[in-house]
Amino acid sequence: MSQSLFYFFSFVALLSALMVVFSRNAVYSVLYLILVFVSLSGHYFLLNAQFLAIVNIIVYAGAIMVLFLFTVMFLNLREDNERKLPALFLWGGLLSGGALLVLMMLSLLDTPLYQDVSAPSQIGLVENLGKVLYKDYLIPFELASVLFLSAMVGAVLLGKNEKGERQF
């Protein structure tokens with residue numbers, strides 16, 4: 001049962017990721033990206049990491065994607081406003097994407113396709129995650145919180161960069 005769910009979530013995630021890239025409408029791309037995050041949360045549930053699954057749905061599929069959706073809707077992305085890029089950019093993108101694909105394929109050559117990993121079944125629960133986070137990884141956790149705080153302050157400063165407003 002879990003193997004078929006794994007393949008189902010994988011198929012949905014891959015199909016949705018392809019639709020994010022190939023969709024002509026940016027709003028539909030954001031909606032497909034939400035579907036990718038939901039299917040990845042299904043993988044977290046299969047790994048018995050319920051906390052990560054819920055956080056992934058709330059934070060990424062909920063808050064951040066709603067923010068992306070509003071941003072895309074405010075940008076007024078229409079085809080008549082779209083600029084044509086030079087062919088050099090197209091070939092550069094194809095070359096770099098092809099090189100990345102070759103690197104990924106080469107890295108998968110030495111990786112076994114199926115590896116039985118037997119992790120403890122209670123490792124992804126909130127209680128165990130909190131114990132590990134505040135016992136073993138307290139300093140990196142606090143450093144990450146300082147980094148997020150500085151990113152939020154930077155975002156506020158960038159957002160207030162209009163004439164007539166007070167600069168910090």
Side-chain angles (χ1 to χ4, degrees), residues 2 5-21 23 26-75 77 93 96-97 99-108 110-162 165-168:
S2 66
L5 281 175
F6 170 78
Y7 286 122
F8 173 73
F9 287 133
S10 299
F11 176 74
V12 170
L14 288 174
L15 184 67
S16 301
L18 287 175
M19 291 304 292
V20 167
V21 174
S23 180
V27 175
Y28 291 150
S29 292
V30 171
L31 294 176
Y32 284 121
L33 193 56
I34 291 172
L35 193 58
V36 170
F37 285 130
V38 170
S39 61
L40 290 179
S41 295
H43 282 122
Y44 287 136
F45 273 116
L46 290 177
L47 291 172
N48 203 15
Q50 292 89 3
F51 178 73
L52 289 177
I54 297 298
V55 166
N56 192 30
I57 288 175
I58 291 172
V59 173
Y60 288 106
I64 292 178
M65 286 299 110
V66 168
L67 183 65
F68 275 15
L69 193 60
F70 280 120
T71 304
V72 165
M73 291 169 80
F74 284 128
L75 285 179
L77 298 174
S96 62
L100 182 64
L101 181 66
V102 168
L103 281 175
M104 287 175 52
M105 298 303 272
L106 288 176
S107 68
L108 288 176
D110 294 335
T111 305
L113 290 179
Y114 180 76
Q115 186 176 9
D116 187 21
V117 178
S118 59
S121 63
Q122 305 296 322
I123 198 166
L125 299 179
V126 177
E127 181 181 351
N128 296 330
L129 185 65
K131 284 180 183 174
V132 170
L133 196 61
Y134 288 109
K135 193 184 247 181
D136 299 334
Y137 298 104
L138 181 63
I139 298 297
F141 179 72
E142 291 300 326
L143 289 175
S145 66
V146 170
L147 181 67
F148 284 131
L149 179 66
S150 64
M152 286 190 286
V153 169
V156 168
L157 287 176
L158 288 175
K160 289 192 159 274
N161 196 11
E162 293 181 13
E165 290 191 17
R166 182 177 172 201
Q167 302 294 323
F168 292 98

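Only this structure's heavy atoms are used, side chains among them; waters, hydrogens and symmetry mates stay out.
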**Student:** Which value, rounded to the nearest 0.5 Å, describes the distance between Leu133 atom CG and Asn128 atom CG?
**Tutor:**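 Leu133 CG to Asn128 CG: 12.0 Å, rounded to 0.5 Å.
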**Student:** Going from NE2 on His43 to CZ on Phe8, what distance comes out if it is rounded to the nearest 0.5 angstrom?
**Tutor:**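 So the NE2 of His43 and the CZ of Phe8 are separated by 10.5 Å.
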**Student:** Might you point out which heavy atoms bring Leu33 and Val20 nearest each other, and give the distance in Å?
**Tutor:**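 The answer is N-CG2, 3.4 Å.
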**Student:** Any side-chain to backbone donor/acceptor pair from Ser39 onto Val36? Under 3.5 Å, distance only.
**Tutor:**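 Yes; judged by distance alone, with no hydrogens or angles, the pair exists.
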**Student:** Roughly how far apart are Leu52 CG and Leu129 CG, rounded to 0.5 Å?
**Tutor:**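 The distance works out to 6.5 Å.
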**Student:** Atom CZ in Phe37, atom OH in Tyr44: separation rounded to 0.5 Å?
**Tutor:**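 Answer rounded to 0.5 Å: 9.5 Å.
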**Student:** I need the single residue from Ile57, Ile58, Ile64 that forms a side-chain contact (heavy atoms from CB on, under 4.5 Å) with Tyr60. Which is it?
**Tutor:**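 Result for side-chain contact (heavy atoms from CB on, under 4.5 Å) with Tyr60: Ile64.
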**Student:** Residues in side chain to side chain donor-acceptor pair (under 3.5 Å) with Ser23, at least two apart?
**Tutor:**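 For Ser23 there are no side chain to side chain donor-acceptor pair (under 3.5 Å) partners, ignoring immediate neighbours.
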**Student:** Could you pull out the closest heavy-atom pair between Met65 and Ala61, with the gap in Å?
**Tutor:**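 The pair with the smallest heavy-atom distance is CB-O, 3.6 Å.
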**Student:** Passes side chain to side chain contact (heavy atoms under 4.5 Å, CB included), Met19 versus Ser16? Steps please.
**Tutor:** CA-CA 5 Å; Met19 291 304 292; Ser16 301; 5.5 Å; no
**Student:** Counting neighbours of CZ on Phe45 that are heavy atoms of other residues, nucleotides or ligands and sit closer than 6.0 Å, is the number greater than 12?
**Tutor:**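 Atom CZ in Phe45 is crowded, with more than 12 foreign heavy atoms closer than 6.0 Å.
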**Student:** Out of curiosity, Leu14 CG to Tyr7 OH, how far, rounded to the nearest 0.5 Å?
**Tutor:**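 Interatomic distance, Leu14 CG to Tyr7 OH, rounded to 0.5 Å: 12.5 Å.
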**Student:** Can you check side chain to side chain contact (heavy atoms under 4.5 Å, CB included) on Leu147 and Ser150, steps first, answer last?
**Tutor:** CA-CA 5 Å; Leu147 181 67; Ser150 64; 4.2 Å; yes
**Student:** How would you list, by chain and number, every residue that makes a side chain to side chain donor-acceptor pair (under 3.5 Å) with Ser29, sequence neighbours excluded?
**Tutor:**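 By the side chain to side chain donor-acceptor pair (under 3.5 Å) rule, Ser29 matches no residue at all.
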**Student:** So how far is it from Leu46 CG to Ser41 OG, rounded to the nearest 0.5 Å?
**Tutor:**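 Rounded to the nearest 0.5 Å, the CG-OG separation comes out at 11.0 Å.
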